[in-house]
Amino acid sequence: MRLFKTIDISASALTAHRLWLDVMADNLANVNTTRTPEGGPYRRKMVIFESRERVFPPKFEFHFPPEPKKIPDFTGEGVRVKEIVEDPSPPRLVYDPHHPDANKDGYVAYPNVNVVREMVDMIAASRAYEANLMTINVTRSMFMNALNIMRG
């Protein structure tokens, strides 16, 4: 039994949700960016989460390439960010013939960032962050109460 397993799991969620908030802040900061180094408007970034699973250290058998053994009973050791991907949806086209990035028809391609969707995701990430922080605080409180009971 690992004493701090609950705290480890919640800490992984805090790290993952903080990164999600960072990505959303980047999306909101670039909501009107029409030029990027890659060319074209900024593309919305999305975070893909995956479950962290316990992996036993490999046995002393020789396998090439080595394959770590996963234990199905102990899945769910927290969460981690698998990757950050670009949203494939098309950019918003806004008619503004005086904009320097307007095409020959007068339309400007703006990023595919929807401010309302980003705010909803931000609230969800914030609530998940608070819930994991509360889990750590409750766990710490339980440890302190257990120590007080042992003191007598």
Side-chain angles (χ1 to χ4, degrees), residues 2-59 61-142:
R2 291 175 35 202
L3 188 60
F4 299 108
K5 182 177 179 181
T6 304
I7 293 175
D8 288 343
I9 291 171
S10 293
S12 73
L14 290 177
T15 303
H17 287 100
R18 186 195 50 80
L19 180 61
W20 190 20
L21 284 170
D22 289 346
V23 168
M24 285 185 279
D26 194 36
N27 287 339
L28 289 172
N30 287 294
V31 71
N32 290 318
T33 302
T34 57
R35 295 180 190 175
T36 60
E38 298 84 25
Y42 175 82
R43 308 234 12 133
R44 178 178 179 256
K45 307 285 188 294
M46 298 184 303
V47 175
I48 307 295
F49 295 108
E50 74 175 358
S51 175
R52 240 178 28 176
E53 296 177 358
R54 176 185 275 185
V55 178
F56 262 11
K59 293 180 180 178
E61 300 170 359
F62 181 73
H63 293 284
F64 190 79
E67 296 180 17
K69 183 177 180 182
K70 294 182 179 179
I71 300 174
D73 294 341
F74 291 101
T75 59
E77 292 283 322
V79 65
R80 68 178 171 194
V81 174
K82 180 179 181 186
E83 61 182 332
I84 298 173
V85 297
E86 288 186 348
D87 186 349
S89 62
R92 288 181 295 126
L93 292 178
V94 176
Y95 184 72
D96 186 4
H98 302 294
H99 194 283
D101 292 331
N103 63 13
K104 62 180 170 72
D105 297 327
Y107 286 95
V108 179
Y110 280 95
N112 55 356
V113 176
N114 183 339
V115 175
V116 175
R117 180 175 46 191
E118 296 298 324
M119 293 302 290
V120 169
D121 286 349
M122 193 177 302
I123 290 170
S126 175
R127 295 289 183 245
Y129 193 91
E130 289 173 7
N132 283 291
L133 200 56
M134 181 63 73
T135 302
I136 290 173
N137 285 335
V138 167
T139 304
R140 185 177 56 107
S141 176
M142 288 173 56

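Computation of the quantities below employed the complete heavy-atom set of this structure, encompassing side-chain atoms and omitting hydrogens, waters and symmetry-equivalent molecules.
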Given 3.5 Å as the limit, does a donor-acceptor pair link the side chain of S10 with the main chain of I7, or not?
no
Which residues pass the salt bridge (charged side-chain N to carboxylate O under 4.0 Å, His left out) test with R80, sequence neighbours left out?
E50
Would you list the pairs meeting salt bridge (Lys or Arg N to Asp or Glu O under 4.0 Å) in which at least one residue belongs to residues 109-118, sequence neighbours left out?
R44-E118, D87-R117
Who passes side-chain contact (heavy atoms from CB on, under 4.5 Å) against E38, sequence neighbours left out?
T36
Please list, one pair per line, the donor and acceptor atoms closer than 3.5 Å that link side chains of residues 122-138 to other protein atoms, with sequence neighbours excluded.
| unit_1 | atom_1 | unit_2 | atom_2 | d |
| --- | --- | --- | --- | --- |
| N132 | ND2 | A128 | O | 2.8 |
| T135 | OG1 | A131 | O | 2.9 |

What heavy-atom pair brings A109 and P41 nearest, and what distance separates the two atoms?
O-CB, 3.4 Å
Can you check whether M24 reaches M119 side chain to side chain, under 4.5 Å on heavy atoms?
no
All ring pair (Phe, Tyr, Trp, His ring centres under 6.0 Å) counterparts of F4, not counting sequence neighbours
F143
Please name the pair of heavy atoms, one in P111 and one in R92, separated by the smallest distance, quoted to 0.1 Å.
O-NE, 3.2 Å
Applied to residues 6-23, the salt bridge (Lys or Arg N to Asp or Glu O under 4.0 Å) test, sequence neighbours excluded, yields R2-D8, R18-D22
side-chain contact (heavy atoms from CB on, under 4.5 Å) against N30, all qualifying residues, sequence neighbours excluded:
D26, T33, Y42
Over 60° means perpendicular and under 30° means parallel, so tell me whether F49 and H17 are parallel, tilted or perpendicular.
tilted
Can you list everything that forms a side-chain contact (heavy atoms from CB on, under 4.5 Å) with I84? Sequence neighbours excluded, please.
L19, V23, K45, V47, V81
Criterion side chain to side chain contact (heavy atoms under 4.5 Å, CB included) on L93 and V108, from CA distance to verdict:
CA-CA 6 Å; L93 292 178; V108 179; over 6 Å; no
Distance col, row L14:CG vs I9:CD1, nearest 0.5 angstrom, shows 12.0 Å
Main-chain N/O of Y107 paired to D105 side chain as donor or acceptor, under 3.5 Å:
no
Checking R52 side chain against S12 main chain: does a donor-acceptor pair fall under 3.5 Å?
no
Please list, chain by chain and in numerical order, all residues satisfying side chain to side chain donor-acceptor pair (under 3.5 Å) with E86, sequence neighbours excluded.
none
Salt bridge (Lys or Arg N to Asp or Glu O under 4.0 Å) partners of residues 94-104, not counting sequence neighbours, each pair once
R35-D101
